[in-house]
Structure formats: structure tokens, C-alpha cells
Asks: 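I'd like to ask you about the structure that follows.
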Amino acid sequence: MTRQERADRTLEADLLCRAAFDTAACPDTGVALVAVGGYGREELAPHSDLDVVLVHVDGLDLGSWAADVWYPLWDSGHRIDHAVRSRGEVLDQVAGDLKVALGMLDVRHLAGDPNLTLRLRTEMLAAWRRDARRRLPELRELVLDRGRRLGELADAAVPDLKESVGGLRDATVLKALVATWLVDVPHADLERTRSALLDTRDALHALTGRPTDRVTPEYWADLAHALELPDALAAQRHVRGLGRRVTHLGRLTWRRVEAVLRAPGPVGRGRRPALESLGHGVAVSHREVVLDAGSRPDRDPLLLLRAAAEAAERDLVLAPTTAARLAREAPELPDPWPLEARELLVRLLGAGPSMLGVWETLEETGATDRLLPEWAAVRLLPHAATVHRFTVDRHLVQTCVEASRLLDRVSRPDVLLVAALLHDIGKGEDADHSIAGERLARGIAARLGFDQGAVDLVGLLVRRHLLLPETATTRDLDDPGTLASVQGCVQDVEQLELLAALTEADARATSEKAWSRWRAGLVGELVDRLGAVVGHRKLPTPAREWAPPDVDLAESVRQDPTRVHVAVRQDELGSTVTIASGDRVALLADCAALLASQGAEVRAARAWQQHVDGVDVGVTEWRVERRGLDAAALRTRLEAIVTGRVDPAERLRPRSTSAAGQPGAGPAIVVHPDASERATVLEVRAADEPGLVHQVCRALAGLDLAICSAHVDTLGGRAVDVFYVHEPGAGALTDARAAAAVHAVREALARQ
């Protein structure tokens with residue numbers, strides 16, 4: 001079935017309608033027969049209805065000819081959807097019914113008075129453009145409601161070529177959006193995709209012998225033959241790919257519509273877009289992430305990942321032209337990836353629901369082929385099990401979205417997100433997907449630059465991602481052999497918490513039924529029992545159990561311990577900042593505020609007491625990822641903070657990212673009571689925000705608690721920080737004091 005065959009069917013129908021009009025002896029002026037809807041667009045399938053309206057000028061007395069038009073059409077055997085309306089009635093219906101308005105936008109003259117058709121078309125288009133800002137929100141809600149009911153053509157088990165998201169109805173809506181003159185859409189791309197969908201519908205009509213738009217499983221093989229494709233799987237991928245393309249164009253266009261509707265006043269055309277630089281070569285223009293002025297995509301292999309991460313975290317559009325250019329021109333990333341590249345990928349994966357549109361753009365522009373060549377094997381691959389609501393690739397992306405809500409449950413959010421992206425990557429091979437997936441995932445994780453320990457974790461999660469649900473739902477949890485069999489696969493709490501989070505994210509991404517209350521309860525019980533068996537996660541060694549070095553303090557501190565001493569030592573990885581003053585519990589909090597206000601990323605901190613000329617002096621040592629810090633400037637700034645002349649809070653406003661605002665992604669504070677004999681260990685997992693270490697230190701100082709060691713790590717936009725806390729001059733906290741510390745830290749982070 002081709003465009004020419006549709007044109008031939010349309011011409012045949014046009015001749016039939018003109019003959020019927022002439023036979024009915026309709027007046028020569030003031031009356032016109034017009035085609036609307038799909039017939040108006042000349043898109044007749046073999047079993048399509050003929051949508052026609054007999055329009056007349058207002059006040060015309062209708063004779064028998066108004067009914068006589070339809071008899072020849074009925075006798076022809078065609079399915080006819082017809083109406084008789086005055087011009088005024090048509091305009092009233094268009095103004096009051098959005099669905100009628102959409103159909104009438106494609107009005108096409110068939111017979112009668114062409115001036116009446118031209119006038120009607122001109123008036124309707126003018127009204128559509130005039131009322132667009134008022135009517136588009138209603139149209140958007142119609143589109144969303146249809147999507148909630150029917151799902152996406154790319155993923156539905158039984159896709160509807162017309163009504164599913166990404167189907168022909170959405171393609172028509174895109175044409176209507178362009179007709180508003182508010183936004184544009186790549187015309188050639190849309191028409192090429194729409195034409196291919198029409199070819200598919202034509203073939204389906206021919207196969208079924210009836211006007212259906214739903215592709216049931218038994219028709220894929222026959223469709224493949226009709227469309228000259230190798231097999232049923234190729235037909236599915238072809239059709240689902242067309243749906244995904246229309247979906248991508250639709251989401252992009254609707255985001256642009258929303259930006260236009262938010263903007264006051266008329267939309268300017270031809271003006272140079274304003275750029276808001278985000279640094280490092282990327283900028284924002286009209287709520288789309290683009291290349292900054294002067295950026296050199298041919299020199300920076302990180303630009304693609306940086307643009308994608310910024311767009312996802314800020315809930316913006318990644319401009320397709322930008323993604324396509326970067327995919328085409330950016331240098332290849334080295335193998336293994338540098339740390340910054342991996343962190344940018346993890347930021348993208350952890351951005352939450354806004355990641356979906358960005359990843360879709362990466363796929364549609366070919367950028368995923370540059371970043372993850374293995375992705376091609378699962379792209380648009382249908383799941384064998386009907387419980388899955390998405391294709392394999394879309395399921396993997398949705399699993400990342402679900403995992404982003406669980407990051408504070410795990411100590412390695414970066415590992416969780418990468419495992420979520422890869423857990424079904426083996427389904428593109430003809431083998432057990434868990435075994436094949438482990439092999440692929442290990443290779444990918446190593447290429448991303450993970451160390452061997454993290455590679456092993458990713459491999460374990462991919463290999464065992466079905467272990468917990470299968471065991472919990474098919475084995476007797478009271479049988480000692482059940483725990484013993486699982487314990488052989490999960491060695492410690494870190495692995496268990498990652499596997500539990502991946503299990504939940506995978507199930508939630510599959511379908512609502514896959515994570516029922518019953519199933520969640522069984523998995524939770526198994527995890528609790530395993531947790532009591534496998535023991536504690538290994539934590540960083542506390543500084544108080546090291547031998548703290550003696551620091552040669554400045555003479556000014558020796559003479560006056562209330563003074564502040566600052567020393568900076570630089571190396572190729574950053575700086576070590578040593579700060580000393582009179583010993584007090586708030587010293588660490590003030591130092592953390594100082595470094596955060598300077599934009600220095602803290603990686604580790606130690607604190608100890610040093611005896612100087614009969615006076616106890618508090619010493620802190622900070623490892624930061626920044627060079628070029630000036631000791632004198634830091635000392636002046638710290639003294640201003642200590643004396644209250646400067647409030648660091650103004651410099652420590654939290655960043656606003658989509659993942660941080662998600663339900664279930666708030667701070668988590670875990671106490672490890674047996675991790676140290678000399679201190680109580682608090683593990684804080686939260687969104688990585690400026691001043692996080694300062695907030696924690698200040699909250700603990702407010703309880704007169706001291707910190708002897710802090711171990712700070714940022715993984716995929718989430719901070720996983722460990723603090724060794726003790727009573728000044730004493731040891732670990734009592735249970736009551738530990739509970740108070742947890743409450744204080746949680747309250748401080750909630751206010752941030």
C-alpha cells in the first residue's frame with residue numbers, strides 16, 4: 001500500500017461525491033460539498049469512512065436536493081459519515097467542540113460553490129489561530145487523557161495505529177499545532193513518519209478486510225510480508241519505531257507550546273534567542289538546552305553527556321539539533337571513561353521522570369549509539385511476557401526513573417542506576433538474559449570507568465536481579481534452606497540493599513501488578529531475614545583510630561588560641577586545607593560553611609585535638625576537589641563566619657533538581673552502632689546540595705556533639721556521607737543521644 005494507492009482511492013471517492021452532488025441538482029451557488037477529517041487529508045484506507053458535509057449559506061431554504069445527495073453514496077457501498085450544516089452552524093460547532101474543530105481544519109472542496117468552501121476554510125483557520133492560546137490547554141488534556149487510556153503505540157501489547165500515543169491521531173494533532181502559527185515541527189520528518197503509519201494501516205485493512213486500527217499479535221507476520229520486512233519482529237520494531245518518532249515529536253512540540261503559553265504577549269519571530277549560560281559549553285534558550293556561544297563540540301567529548309544531564313536535572317528539553325550535532329561531531333570518549341563522564345551519566349540516569357524525554361531525544365538523534373552501542377540490541381524489542389507494559393529499552397529507562405526514588409536506601413546510588421539501565425541488556429541476545437546480561441554489564445561498567453569492586457557489584461545485580469522476587473514468591477521463607485540458598489549469592493548488606501532497591505524499581509517499571517502489596521511484603525520479609533544474617537556494610541575507617549599527625553601551628557595561634565590558622569597544600573587532584581583554632585564543637589561546622597561558600601567540593605575531613613603550650617587547639621583537615629585556594633583569603637572569610645559578620649546561609653542555597661524533589665528521595669540517616677568502638681557512626685544519604693556537610697555539622701554542634709571524622713562522597717547527584725560522632729572528651733553516644741542526633745540532622749536537611 002502506497003501514497004499513490006491512497007491518492008487513487010481518494011480520486012475515486014471524489015468522483016463519486018461530485019456525481020452524487022450533480023445528480024441531486026443542488027444550487028450552483030451558496031452550497032458546497034466538502035470532505036473533512038481523514039478524507040479531507042486524502043488519507044483514505046481501504047475501509048475508511050467518507051466524512052462529508054453539505055454546507056450552505058445561512059438562510060437558504062433546503063429543498064429535496066439536500067437529502068438526494070446521499071442516496072448514490074449509500075448505494076455505492078461506501079461507509080458514509082455525513083451532515084448538512086449552514087455556514088454559521090459549522091462555525092458555531094467549531095467554536096464549541098474541539099474535536100469538530102480538529103476535523104474541520106482539513107476541510108477540502110469536493111463540489112458546488114468553491115467560494116463558499118474557501119470562505120469557510122479561511123474563517124475557521126483564522127478562528128483557530130485567534131483562539132489558540134485559549135484552546136490548546138483543552139487540546140492538551142484531550143491528548144493526555146487518550147494516552148492514559150490507550151498507552152503508547154511503541155509499547156502497547158496491542159497497539160492502536162490511530163488512537164495510541166504516537167499514532168495517526170497524534171500526527172494530526174501536530175499538524176493542528178503547526179496551524180496555530182505558535183510553534184513549528186520538522187515537517188519532512190513528520191510527513192515521512194505519518195506516511196509510513198498510513199501504509200501500515202492500509203496493509204492492516206487489506207489483511208483483516210475491515211476498518212480496524214488495532215494490530216493483534218497474529219497479524220505481525222502478515223504485516224511484515226505486506227511491508228516487505230524480514231519477519232514479525234522486524235515489523236514490530238518498524239511500527240513501534242514510527243510510533244516512538246511521532247511521540248518524540250509530540251512531546252517536544254508540546255513542551256514548546258507550554259513555553260509559548262507561559263510567555264506573555266505575542267510570540268516574536270526572527271529574533272535571536274537569548275542564551276542563559278550554564279557553563280562548560282552549554283546554555284538554555286527558550287527552556288531548551290543548547291550549545292553555548294563559542295563552544296567547540298569537536299573538542300569536548302563530555303559536551304553531549306553534560307547537555308543531557310543539565311536538561312534532565314532542570315526538567316528542560318535537550319534540543320534535538322544540539323544532540324544530533326554532538327552525536328555527529330563530538331570526539332569519542334576514551335576507554336575507560338574519565339570520572340566526570342561517568343558522573344554526568346549517573347546524573348542523567350538519576351534525574352527522575354524528566355530523564356525520559358532527554359533519553360528519548362538521545363535515541364532519536366542516534367546519540368545512544370555513541371554512548372552505549374549495546375543499546376541497539378534491545379531498542380524497540382518487545383518483551384515476551386505480557387505482564388510488561390513497555391518494550392525492553394523503555395522498561396530499562398523506566399527502571400532508572402523508579403530507582404531514582406530509592407537512591408537514599410543504598411550506599412552506592414551510582415551502581416544502582418547503572419544496574420537499573422543494564423539489568424535486561426542481555427535480552428538482545430539468544431541466551432539466558434541474566435547470564436548474557438552480566439557479561440555485557442561487566443564490560444560496560446568497566447568501560448564507564450568503574451573500579452573492579454563496582455564492576456563486580458553491577459555484574460552481581462544484573463545476574464541476580466530476579467533472585468529476591470523469585471525466591472520470595474516460590475520458596476518457603478521459614479525453611480532454613482531458603483535463606484542458605486540466597487545467602488550464597490548475597491554476601492553483605494551493601495549488596496542486599498542494592499538488590500532490594502533494584503528489585504522494587506524493576507517491578508514498578510514492569511506494571512502495577514508486578515509490585516503488589518502481597519509481593520512487596522514477601523520480598524520485604526526475605527530482605528529483613530537476609531539482613532539479619534549477612535551482617536554490616538563496611539564503612540570508612542574513622543580518623544580517631546588513626547594516629548593524627550602533629551601540625552606545626554602558626555605562632556599567632558600558639559600565642560592566642562582564639563585566632564584562626566589556615567594552611568593550603570595543593571596537588572594534581574585538588575587541595576588539602578588545614579584549619580586550626582581554639583577547640584570547640586562548632587569548628588567543623590564553620591569550616592564546612594567556609595569551604596562550601598567557596599564552591600570547594602569536600603571529599604573527606606578529619607578532626608582532632610592538639611595540645612599547644614598548655615592549651616587544647618582543635619585541628620581539622622579537609623580534602624577538597626579544588627585548586628587555587630588562597631590561605632589568607634580563607635582565614636579572613638572564616639574569621640568573619642566565626643564572629644557572625646558573615647552569614648554563609650545566603651551562599652548555600654540548595655540547587656533545584658528534578659530528582660531531589662521526587663517523592664521518596666528525601667534524606668535518610670542511618671546509625672551504625674557497632675561500626676566503631678570510640679564513636680557513633682551516622683551515615684547521611686541525601687541530595688548533594690551546597691552546604692550539606694555544613695548543615696550536618698551545625699546540627700550536631702547544636703547538640704554539643706563532636707565529629708572526629710567525616711567521609712564525604714557524591715554519587716550521581718546523591719551524597720553518601722559518613723560522620724564519626726562522639727561526646728566531647730568521651731566516646732560513643734547513648735541510644736537516646738544517637739536518636740536526638742538523627743532527628744536534628746533530619747530536621748536540618750529538611751529545612752535546607
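Note that the numbering runs from 1 along the sequence shown for the chain. Everything numeric in this text was worked out from a predicted model, so none of it was measured.
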Asks: With the side chain counted from C-beta on, respond yes when Thr510 and Phe390 share a heavy-atom pair under 4.5 Å apart, and no when they do not.
Replies: no
Asks: So do Asp424 and Val378 actually touch side chain to side chain, heavy atoms under 4.5 Å?
Replies: no
Asks: Under 6.0 Å between ring centres: does that hold for His423 and His395?
Replies: yes
Asks: Hey, are the side chains of Leu182 and Leu136 touching, using non-hydrogen atoms and a 4.5 Å cut-off?
Replies: yes
Asks: Quick check: closest heavy atoms across Ala95 and Arg135, and the distance to 0.1 Å?
Replies: O-NH2, 3.5 Å
Asks: Could you tell me whether the side chains of Thr368 and Arg379 share a donor-acceptor contact shorter than 3.5 Å?
Replies: yes
Asks: Given the rule in the salt bridge (Lys or Arg N to Asp or Glu O under 4.0 Å) test, do Glu152 and Arg240 qualify, once you have shown the distances and angles that lead to the verdict?
Replies: CA-CA 9 Å; Glu152 295 189 15; Arg240 296 181 188 282; over 6 Å; no
Asks: Looking only at side chains, do Glu89 and Gln93 share a donor and an acceptor under 3.5 Å apart?
Replies: no
Asks: Give a yes or no on whether the ring-centroid distance for Trp128 and Trp181 is below 6.0 angstrom.
Replies: no
Asks: With side chains defined as the heavy atoms from C-beta onward, is the minimum distance between Thr180 and Arg133 less than 4.5 Å?
Replies: no
Asks: Can Arg244 and Thr391 be counted as having a side-chain donor-acceptor contact under 3.5 angstrom?
Replies: yes
Asks: Between His225 and Trp220, is the gap from one ring center to the other below 6.0 Å?
Replies: no
Asks: For a quick check under 3.5 Å, do Asp58 and Ser86 share a side-chain donor-acceptor pair by atom type?
Replies: yes
Asks: Going through the distances and angles, do Ser434 and Val462 end up as a side-chain contact (heavy atoms from CB on, under 4.5 Å)?
Replies: CA-CA 6 Å; Ser434 295; Val462 173; over 6 Å; no
Asks: Check Ala308 against Leu362 and note the closest heavy-atom contact, atom names and distance.
Replies: CB-CD1, 4.3 Å
Asks: Charged N to carboxylate O under 4.0 angstrom, Arg245 versus Glu364?
Replies: yes
Asks: Before we go on, tell me: are the rings of His78 and His47 under 6.0 Å apart, centre to centre?
Replies: no
Asks: For His248, check ring pair (Phe, Tyr, Trp, His ring centres under 6.0 Å) against everything at least two apart and list the hits.
Replies: none
Asks: Do the non-hydrogen side-chain atoms of Val55 and Val31 ever get within less than 4.5 Å of each other?
Replies: no
Asks: Checking side-chain contact (heavy atoms from CB on, under 4.5 Å) for the pair Val84/Val53: CA distance, chi angles, key distance, verdict?
Replies: CA-CA 6 Å; Val84 180; Val53 180; over 6 Å; no
